[in-house]
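Note that this is a predicted model, so its numbers are computed, not measured.
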Amino acid sequence: MRAVVRSGWRIGAAAAAAALRGRAGRPLSQAAGEGGGAEGGGGSGSREAVERLVREHPVVVFMKGSPAQPLCGFSNAVVQILRLHGVEDYRAHDVLQDPDLRQGIKDYSNWPTIPQVYLNGEFVGGCDILLQMHQNGDLVEELKKLGIRSALLDAEKDQEKK
């Protein structure tokens, strides 16, 4: 996967998060995970522990809260974007439950903010970048590389039939 992080992609993430907040939708399955820590040696914030977490599933999100109950607007926006694409099978880790993981993931990615999204073990970015990828169609393509068909493709087909 190509490097997706681009500093010029800073767009009104707060506005986007506010727009997405409040969109009704069914809660994501608890399989999306609510755990915050990693088992094993080295502590939950160690490079090895974080590496295991980002590689444990094709889609991994480090967020504040859980998919069922995000605790910040940016985390909520990421959950809503994934929901729009029909991505419900992903791992989410609540960094508020584990201060070592919260700092460890920032150190691992060299990215200062939460949420953080990983696709196939590679850091994609935060809310603003995921929103930009959603808007320009890159997210559909990146999901396709993971074998995930975006629900938006089916929605487009339905619109064409009308």
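- In this structure, CG on Leu130 lies 12.5 Å from CD on Gln116, to the nearest 0.5 angstrom.
- Rounded to the nearest 0.5 Å, atoms CD1 (Ile129) and CG (Leu139) are 12.5 Å apart.
- Contact of the Met63 side chain with the Val79 side chain is registered, since non-hydrogen atoms from C-beta on lie closer than 4.5 Å.
- Listed here is the closest heavy atom pair of Ala68 and Pro70: C-CD, 3.8 Å.
- Rounding to the nearest 0.5 angstrom, the gap separating the OG atom in Ser66 from the CD atom in Gln97 is 9.5 Å.
- For the pair Ile148/Tyr90, no side-chain contact is recorded, criterion being any heavy-atom separation below 4.5 Å from C-beta on.
- Looking at every heavy atom in both residues, Ala77 comes nearest to Cys127 through CB-SG, 3.5 Å.
- If you take CG on Asp128 and CZ on Phe74, they are separated by 8.0 Å, rounding to the nearest 0.5 Å.
- Using bins of under 30°, 30° to 60° and over 60° for the plane-to-plane angle, the ring pair Tyr118/Tyr108 lands in the tilted bin.
- Closest approach of Leu101 to Phe62, counting heavy atoms only: CD1-CE2, 4.0 Å.
- Here the side chains of Met133 and Val124 are in contact, with some heavy-atom distance below 4.5 Å.
- Counting all heavy atoms, side chain and backbone alike, Pro58 lies closest to Leu146 at O-CD1, 3.8 Å.
- Expressed to the nearest 0.5 Å, how far CD1 of Ile81 lies from CD of Gln132 amounts to 10.5 Å.
- Val50 and Leu96 end up in different hydrophobic clusters when Ile, Leu, Val, Met, Phe, Trp and Tyr side chains are linked at under 4.5 Å.
- The residue from Val60, Val61, Asp98, Ile105 that alone fulfils the side-chain contact (heavy atoms from CB on, under 4.5 Å) condition with His93 is Val60.
- Using modelled atom types, one side-chain atom of Ser75 and one backbone atom of Lys64 make a donor-acceptor pair closer than 3.5 Å.
- Using a 4.5 Å cut-off on side-chain heavy atoms (C-beta onward), His134 and Leu152 make contact.
- The minimum heavy-atom distance linking Arg102 with Lys106 is given by the pair O-CG, 3.4 Å.
- What you find for His57 and Asp89 is that their closest heavy atoms are CE1-O, 2.9 Å.
- In this structure, Ser44 OG and Gln103 CD are separated by 11.5 Å, a value rounded to the nearest 0.5 Å.
- Looking at Glu56, its side chain never comes within 3.5 Å of a backbone N or O of Arg91 through a donor-acceptor pair.
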